[in-house]
Every structure is written in C-alpha cells, then in structure tokens.
Amino acid sequence: MEPIQRRSLVDTVVDRLQSEITSGSWSVGRRIPTEAELVARLGVSRPSVREGVRALVQLGLLETRQGDGTYVVASDPTDVALRRALHHADPREVLRVRRALDALAAEEAAENRTAENLTRIETEVVARREAAIRGDADAFIHHDVEFHLAVVEASHNALLEGIYASFVSSLRNAVSQNAAGSMSIVETQADKHDPLFHAILDQDAEAAQAAALNIVERSRSFLR
C-alpha cells in the first residue's frame with residue numbers, strides 16, 4: 001500500500017481496505033494488519049483508520065474480535081446485503097425465490113452439464129441416500145445441500161452460482177427442519193432427487209425443471 005495523500009481520508013481508507021479484501025490479498029478468515037500497521041502503511045491518523053475499519057465492520061466484510069484482532073469475514077458487500085435480507089425475510093418469500101433459482105439451475109444443468117458435473121451430482125445423490133438409510137441426519141443434511149450446489153455448478157452460469165451461494169444458509173435450515181420426513185421417503189417415488197439427477201444425465205431440461213420444482217414444493221408443504 002502507498003501512503004494516502006488526497007481525498008476524504010476516511011473514504012479513501014475504506015476504498016483501500018476494501019480493495020485489499022475484494023482483490024483477494026486479504027482472504028476470508030484472515031486477520032488484517034493491526035491499527036498501528038495500517039497507520040504506517042496508509043500514512044493517515046489512527047482515527048481515520050479506526051473509522052475506515054468500523055465502516056467495513058458495518059458493511060459485514062470485517063469482524064472485530066475482542067483481544068484477537070479484526071478478521072475478514074466476507075469479500076462481497078452485495079452478497080452480505082443479500083444474506084442479511086434473506087435472514088430477515090419471510091420464509092415463504094425465500095422459498096418462492098429459491099423455487100425460481102432451482103428451476104433455472106436444473107434446466108441449465110441439463111443443457112450444460114459435463115461428465116465431471118454428473119459424477120459430483122451422482123456422488124451426492126448416493127451419499128445422501130446412504131446417510132438416510134443409516135439414519136445419519138447430519139450427513140444427510142450435508143449431502144442434500146451439496147447435491148443442490150452441484151446442480152447449480154453444473155448450470156455453468158456464474159451469476160446464478162453467485163446468487164445461489166447466498167441461499168446456502170436458508171437451504172441448510174430448510175433441509176434441517178425437514179430432515180426426518182425427507183429421510184423417510186428417500187427410497188420412495190416421492191423423492192425427486194434421483195429423478196432430477198437422471199433428467200440432468202439425459203439432458204432432459206423439462207424433466208429436470210419439473211423434478212426441481214417438486215423438491216421445492218415438498219419444502220413448501222412444511223411451511224403450510
């Protein structure tokens with residue numbers, strides 16, 4: 001970092017610190033330099049550095065841990081804002097948006113999937129089923145979520161992947177709430193995860209979309 005010479009000091013500090021985060025120089029989970037080190041690097045006063053760090057804490061990119069320093073907890077302020085909105089949103093609204101995203105992901109996965117994508121999706125389907133059979137709820141939840149992420153990844157739609165990442169927490173909560181019921185129907189015709197995999201395998205976009213919508217519809221039934 002070069003010393004700051006012009007512009008509003010606090011705004012410039014915010015820009016410079018955020019640039020370190022978004023560029024990947026300060027990765028998520030890393031502790032940022034101390035206040036004294038930032039003062040020396042940026043050539044500004046302690047109050048300016050303090051205000052800049054506080055602004056990024058409020059944005060959700062940094063987290064100050066008492067006695068341990070300040071850590072990077074996110075790299076995209078837009079993603080943070082979306083996650084916060086999802087946290088406070090009506091679960092029914094979240095599910096309706098997820099319904100649209102899942103349908104799009106399934107359709108595009110059927111059209112764009114690679115052999116590697118199919119392997120990952122099938123691996124999660126099998127692991128999910130095995131976890132249900134042995135009654136391992138934690139493993140079931142993990143592989144259920146990973147299955148959906150694998151489908152989104154198979155869409156090869158970078159924007160969709162970015163948006164869907166914000167729904168992971170709400171998706172995991174939904175799977176957790178429905179785990180007992182979902183585990184009990186894994187080997188029945190009512191479970192649409194296998195049909196979704198096979199539709200993607202067959203590159204049948206219409207069937208994939210229908211299977212994805214049926215999966216979300218089951219989640220919706222638990223909210224009624």
Side-chain angles (χ1 to χ4, degrees), residues 18-30 59-61 72-89 91 93-128 139-176 178 182 192-220:
Q18 188 168 336
S19 176
E20 293 295 315
I21 296 170
T22 57
S23 69
S25 294
W26 293 349
S27 57
V28 173
R30 173 180 170 177
L59 272 178
L61 300 184
V72 179
V73 293
S75 59
D76 185 344
T78 302
D79 182 54
V80 171
L82 182 54
R83 289 175 190 271
R84 286 175 173 171
L86 287 169
H87 179 72
H88 296 290
E93 293 180 352
V94 173
L95 200 58
R96 284 197 291 271
V97 174
R98 209 195 103 199
R99 184 177 188 273
L101 295 178
D102 278 5
L104 176 60
E107 179 183 12
E108 296 202 352
E111 295 170 349
N112 303 318
R113 91 292 188 277
T114 64
E116 183 179 353
N117 294 139
L118 290 173
T119 297
R120 185 187 172 201
I121 295 171
E122 184 175 24
T123 296
E124 298 304 336
V125 165
V126 172
R128 176 180 179 275
F140 178 83
I141 293 165
H142 170 75
H143 291 296
D144 192 298
V145 172
E146 288 300 314
F147 168 83
H148 288 284
L149 293 177
V151 172
V152 174
E153 183 180 283
S155 74
H156 294 275
N157 182 326
L159 179 58
L160 177 60
E161 280 192 70
I163 295 173
Y164 202 88
S166 300
F167 283 76
V168 171
S169 179
S170 62
L171 171 60
R172 184 170 286 106
N173 288 337
V175 176
S176 299
N178 307 339
S182 297
K192 299 300 179 182
H193 288 71
D194 279 312
L196 177 51
F197 164 65
H198 286 293
I200 293 172
L201 173 65
D202 296 338
Q203 295 190 296
D204 187 336
E206 185 175 343
Q209 189 177 68
L213 291 175
N214 277 323
I215 291 171
V216 179
E217 188 59 32
R218 175 166 175 77
S219 295
R220 179 186 291 183

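Basis for what follows: all heavy atoms, side chains included, without hydrogens, waters or symmetry-related copies. Numbers here are sequence positions counted from 1. On a predicted model such as this, the values are computed, not experimentally measured, just so you know.
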Check: To the nearest 0.5 Å, how far apart are CZ in Phe167 and CG in Leu95?
Finding: 10.0 Å

Checklist line | Minimal non-hydrogen separation, Ala106 against Ala212, with atom names | finding: CB-CB, 3.6 Å

Notebook entry, point to check: What residues form a side-chain contact (heavy atoms from CB on, under 4.5 Å) with Ser75, not counting sequence neighbours?
Noted result: Ile21, Val28

Margin query: Assess the residue pair Thr114 and His156 against the criterion (side chain to side chain contact (heavy atoms under 4.5 Å, CB included)); give the C-alpha distance rounded to whole Å, side-chain angles, the decisive distance to 0.1 Å, and a yes or no.
Written below: CA-CA 9 Å; Thr114 64; His156 294 275; 3.7 Å; yes

Check: Can you name the one residue among Asp102, Val145, Val94 that meets side chain to side chain contact (heavy atoms under 4.5 Å, CB included) with Leu171?
Finding: Val145

Next item on the list: Mind checking the CG-NE2 spacing from Leu196 to His148? Nearest 0.5 Å is all I need.
Entry: 8.0 Å

Notebook entry, point to check: In chain order, what residues pass the side chain to side chain donor-acceptor pair (under 3.5 Å) check against Glu124, with sequence neighbours excluded?
Noted result: His143

Check: When rounded to the nearest 0.5 angstrom, what is the spacing between CD1 in Ile121 and NE2 in His198?
Finding: 11.5 Å

Margin query: To check you understand the geometry: which heavy-atom pair defines the closest contact between Ala74 and Gly60, and what is its length?
Written below: CB-O, 3.6 Å

Check: Does the side chain of Asp144 come within less than 4.5 Å of His193's, by heavy atoms?
Finding: yes

Checklist line | All side-chain contact (heavy atoms from CB on, under 4.5 Å) counterparts of Glu153, not counting sequence neighbours | finding: Asn117, Arg120, Glu161

Margin query: Would the distance check show the side chain of Ser155 and the main-chain N or O of Val152 forming a donor-acceptor pair, the cut-off being under 3.5 Å?
Written below: yes

Margin query: Could you tell me if the side chain of Gln203 sits less than 4.5 Å from the side chain of Arg113, heavy atoms only?
Written below: yes

Item checked: Point-to-point distance, once rounded to the nearest 0.5 Å, from CZ of Arg128 to CZ of Phe147 -> 7.5 Å

Notebook entry, point to check: If you look at every heavy atom in Lys192 and Asn214, which pair is closest and at what distance?
Noted result: CG-CB, 3.5 Å

Checklist line | Exercise: identify the closest heavy-atom pair between Ser176 and Ile141 | finding: OG-CD1, 3.5 Å

Margin query: Ignoring hydrogens, what is the shortest heavy-atom contact between Ala205 and Glu111? Give both atom names and the distance.
Written below: CB-OE2, 4.0 Å

Margin query: Would you say that Arg96 contacts Glu93 through its side chain, given a criterion of any heavy-atom pair below 4.5 Å between the two side chains?
Written below: yes

Item checked: Residues in salt bridge (Lys or Arg N to Asp or Glu O under 4.0 Å) contact with Asp194, at least two apart in sequence or another chain -> Arg129

Check: Between CD1 of Ile163 and CZ of Arg98, what distance do you get to the nearest 0.5 Å?
Finding: 15.0 Å

Margin query: Test of understanding: with side chain to side chain donor-acceptor pair (under 3.5 Å), list the residues that count as partners of Ser25, not counting sequence neighbours.
Written below: Ser23

Next item on the list: Quick one: list whatever passes side-chain contact (heavy atoms from CB on, under 4.5 Å) with Ala109, sequence neighbours left out.
Entry: Val151, Ala154, Ile200

